[in-house]
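What you see is a predicted model; the values in this text were computed from it and never measured.
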Amino acid sequence: MADLAAEVMERITTVVTRLYPSATDGLDTAVRPSERADAQVNVALGLARKVGKSPRQVAEEISAELDLRGICSKVSVAGPGFLNLTFDNGHLGTMLRDIAKDPHLGVHRATTVETVVIDYSAPNVAKEMHVGHLRSTVIGDALVRMCEAVGHRVIRENHIGDWGTPFGMLIEHLVDLGEVDAARELSVGDLDGFYKQARAKFEAAPEFQERARQRVVMLQGGDADTLRLWKLLVAESSRYFATVYEKLGVKLTDTDLRGESVYNDLLPTVVDRLRASNLLVTDDGAEVVFPAGFTNRENSPLPLIIRKQDGGYNYATTDLACVIDRVERLHATLMLYVVGTPQSQHLSMIETVAKDAGWLREPVRMAHVAFGSVLGSDRKMLKSRTGESVKLVELLDEAVQRADASILEKNPELPAAERRNVARMIGIGAVKYADLSGDRIKDYVFDWERMLSFDGNTAPYLQYAHARICSIFRRSGTTREEARSATPLVSHQSERALALWILQYDSVVWDALERYSPHRLCTYLYELATRYSAFYEQCPVLKAESDTIRDGRLALCDLTARVLADGLQLLGIDSPEQM
RNA sequence: GCGUUCGUAGCUCAAUGGAUAGAGCAUCUGACUUCGGAUCAGAGGGUUGGGGGUUCGAGUCCCUCCGAGCGCGCCA
């Protein structure tokens with residue numbers, strides 16, 4: 001409804017400024033969806049007090065002066081002073097025809113193009129990816145797609161954990177196994193086993209512990225052979241990550257990998273620059289910054305530790321180096337951190353220090369795209385039967401396998417090869433959609449039954465609606481492209497409901513993007529599918545009364561399918577044509 | 001203790017400060033010679049954790065209390 005709304009808002013503003021020239025500050029001319037009409041405008045309610053009249057009277061006065069011919073067929077005053085709008089059917093048809101010609105389906109481009117750095121996924125080298133990585137990866141991927149869709153310049157950064165003390169232990173374990181055997185074990189994808197073995201040895205054998213410590217020193221000292229072994233670990237892990245990303249269907253590739261180690265050279269610079277701006281304080285042998293507004297248990301200032309007592313750096317330093325790198329080298333204007341809620345204080349401290357140090361200045365900004373945990377049916381963090389974290393690949397494989405079984409049962413005619421392909425789209429889509437469809441800040445309960453259900457706010461339901469439309473076209477004898485030239489008539493009640501919803505796609509995509517809330521797009525798509533289903537029941541397409549009606553309805557079908565597929569694509573979910 | 005997030009139907013979740021708080025699941029009632037019934041139509045189900053406040057208007061903003069999760073100095 002973006003363009004509809006824009007034009008209405010403009011005309012209302014004109015009328016209001018003419019009627020009440022002294023009260024035009026902070027006008028709420030927004031055109032909102034309404035249950036009582038096609039849309040409502042509440043401008044009179046806020047205006048009433050300023051002009052000393054009743055809201056109802058103000059609404060009447062505006063309504064009397066308002067000329068919406070060609071856009072609205074009816075404008076009425078209702079309730080305490082709402083302006084209820086009913087759009088003109090012909091105008092709706094024209095609008096639909098216009099966006100049908102637009103490859104972006106009416107979604108407008110960003111007026112100022114941002115350089116958006118999105119930090120997400122972030123698995124650890126030599127460790128298995130588990131459910132804990134699911135949300136960051138899926139939400140981050142959706143944000144990448146949405147940003148790209150409106151024309152922003154997007155830089156994906158996968159900040160993998162590839163540095164730090166655990167690597168002494170991991171490298172020594174690699175040496176013990178022998179490089180060839182170790183590489184083979186890692187390439188199988190059994191990172192969990194590798195890490196656990198190393199950990200077990202570290203805890204059990206003092207001799208191993210000592211070797212591990214020395215190895216850390218060698219690693220940090222740049223010993224050539226140690227670095228070679230380290231790179232082997234990183235390479236094998238990266239290959240493994242790539243297979244997981246492929247399975248999950250996200251856009252991350254090897255070129256997006258940007259491990260913590262990349263920033264090593266920048267760490268001394270961080271210290272120097274903080275010292276130069278007099279932010280650095282020596283406290284208890286460590287070099288720290290005390291950003292304002294943070295306190296610890298004892299209510300004393302909470303430090304951000306830049307350099308530890310032993311001279312080593314920690315993750316705060318790396319994160320600050322990241323900010324410098326992203327702002328000064330990449331020229332980021334917006335940095336998104338798709339990181340769990342528990343990190344919020346840490347990121348807030350990073351942001352404060354980066355601002356205090358002058359590295360982060362308007363209009364450049366960073367945002368913590370925080371999200372809650374994935375819970376089991378017991379409402380606790382999701383764990384496997386054995387109490388360990390659930391491996392991401394196993395979870396994804398199970399999703400595909402469950403989807404496959406479901407399709408086999410419900411559509412046995414589908415050829416096996418096709419079925420496997422569709423099962424992947426549905427299974428992975430279901431997992432992603434379950435992750436994206438709730439407000440990201442909240443925890444959500446992982447439930448196979450619900451996410452794979454064909455009823456309710458699920459990916460399969462949306463995909464089904466899409467497949468049904470494709471089915472109509474297979475029988476219609478017309479192509480999707482041909483359908484686009486027709487202008488829908490938009491006269492039946494459910495045609496109107498569908499049309500009005502389609503026209504809101506633009507504003508919904510932007511709303512979801514600006515709030516970094518993919519679930520708003522999900523809610524919209526679900527409602528779209530629901531409205532389509534009602535239309536489908538009540539308005540025969542192929543058996544319509546006339547060719548004109550039929551063509552118009554085919555155009556509506558095509559648009560609906562495109563918005564569904566486009567919206568799902570923004571969420572990283574595929575839309576099969578049959579299922 | 002301090003900070004932070006959350007609390008909405010039996011369950012899982014929605015709701016740019018706007019009208020009578022909406023969906024799905026589950027329960028109950030209907031609709032299959034019908035473009036994919038993998039669907040649709042309808043019913044019941046609520047003191048939005050409690051209490052104050054701001055506002056023409058509060059689930060939403062502010063304060064306070066209760067409950068839950070998470071974080072709070074040398075791991076990342």
Using the C1' atom in both, what is the distance from G22(B) to G45(B), to the nearest Å?
-> 13 Å
Does Trp163(A) reach the side chain of Gln220(A), with side-chain heavy atoms less than 4.5 Å apart?
-> yes
Mark yes or no for whether Arg553(A), through its side chain, and Pro488(A), through its backbone, hold a donor-acceptor pair below 3.5 Å.
-> no
Is Ala78(A) touching bases, backbone alone, or none of the nucleic acid, heavy atoms closer than 4.0 Å?
-> base
Do Phe371(A) and Val138(A) have side chains that get closer than 4.5 Å, going by heavy atoms?
-> no
Is Lys442(A) near enough to G7(B) that one of its side-chain N or O atoms lies under 4.0 angstrom from OP1 or OP2?
-> yes
Nucleotide nearest Tyr526(A) (side chain, heavy atoms from C-beta), chosen from G24(B), C75(B), C35(B) | G24(B)
Which part of the nucleic acid does Gly438(A) contact within heavy-atom distance under 4.0 Å: base, sugar-phosphate only, or nothing?
-> sugar-phosphate
Can a side chain N or O of Tyr461(A) be found less than 4.0 Å away from OP1 or OP2 on C40(B)?
-> yes
With the side chain defined as heavy atoms from C-beta on, Leu302(A) is closest, among C35(B), C72(B), C74(B), to C72(B)
Take atom P in G49(B) and the same atom in U33(B), then report the distance between them in whole Å.
-> 47 Å
Below 4.0 Å: OP1/OP2 of A19(B) and any side-chain N or O of Arg36(A) = no
Nucleotide nearest Ser344(A) when distance is taken to its side chain, options G69(B), C35(B), U4(B) = U4(B)
Measure from the side-chain heavy atoms of Phe454(A) and tell me the nearest of A15(B), A76(B), U39(B).
-> U39(B)
Extract the stems that RNA chain B is part of, considering only consecutive pairing runs of at least three Watson-Crick or G-U wobble pairs, both distances under 3.5 Å.
-> B:1-7 with B:66-72, B:10-13 with B:22-25, B:27-31 with B:39-43, B:49-53 with B:61-65
So which nucleotide from G69(B), U12(B), C40(B) ends up closest to the side chain of Ser533(A)?
-> C40(B)
Ring centres of Tyr464(A) and Tyr461(A) under 6.0 Å apart?
-> no
Of all the nucleotides listed (G73(B), G36(B), G69(B)), which has the minimum atom distance to the side chain of Ala467(A)?
-> G36(B)
Under 4.0 Å between any heavy atoms, over every strand shown, what does Val445(A) touch: base, sugar-phosphate, or nothing? Just pick one.
-> sugar-phosphate
Given C11(B), is OP1 or OP2 found less than 4.0 Å from the side-chain N or O atoms of Arg450(A)?
-> no
When you measure from the side chain of Ile441(A), which nucleotide among A14(B), C72(B), U5(B) comes out closest?
-> U5(B)
Would you indicate what Gln578(A) reaches in the nucleic acid, counting non-hydrogen atoms under 4.0 angstrom: base, sugar-phosphate, or nothing?
-> base
Where does the angle between the aromatic ring planes of Phe446(A) and Trp448(A) fall among parallel (under 30°), tilted (30 to 60°) and perpendicular (over 60°)?
-> perpendicular
Minimum-distance nucleotide to Lys543(A) side chain [options: C25(B), U34(B), G36(B)] = U34(B)
His159(A) pairs by ring pair (Phe, Tyr, Trp, His ring centres under 6.0 Å) with which of Tyr337(A), Tyr263(A), Tyr315(A)?
-> Tyr263(A)
Check whether any side-chain N or O of Arg474(A) sits under 4.0 Å from OP1 or OP2 of G36(B), and answer yes or no.
-> no
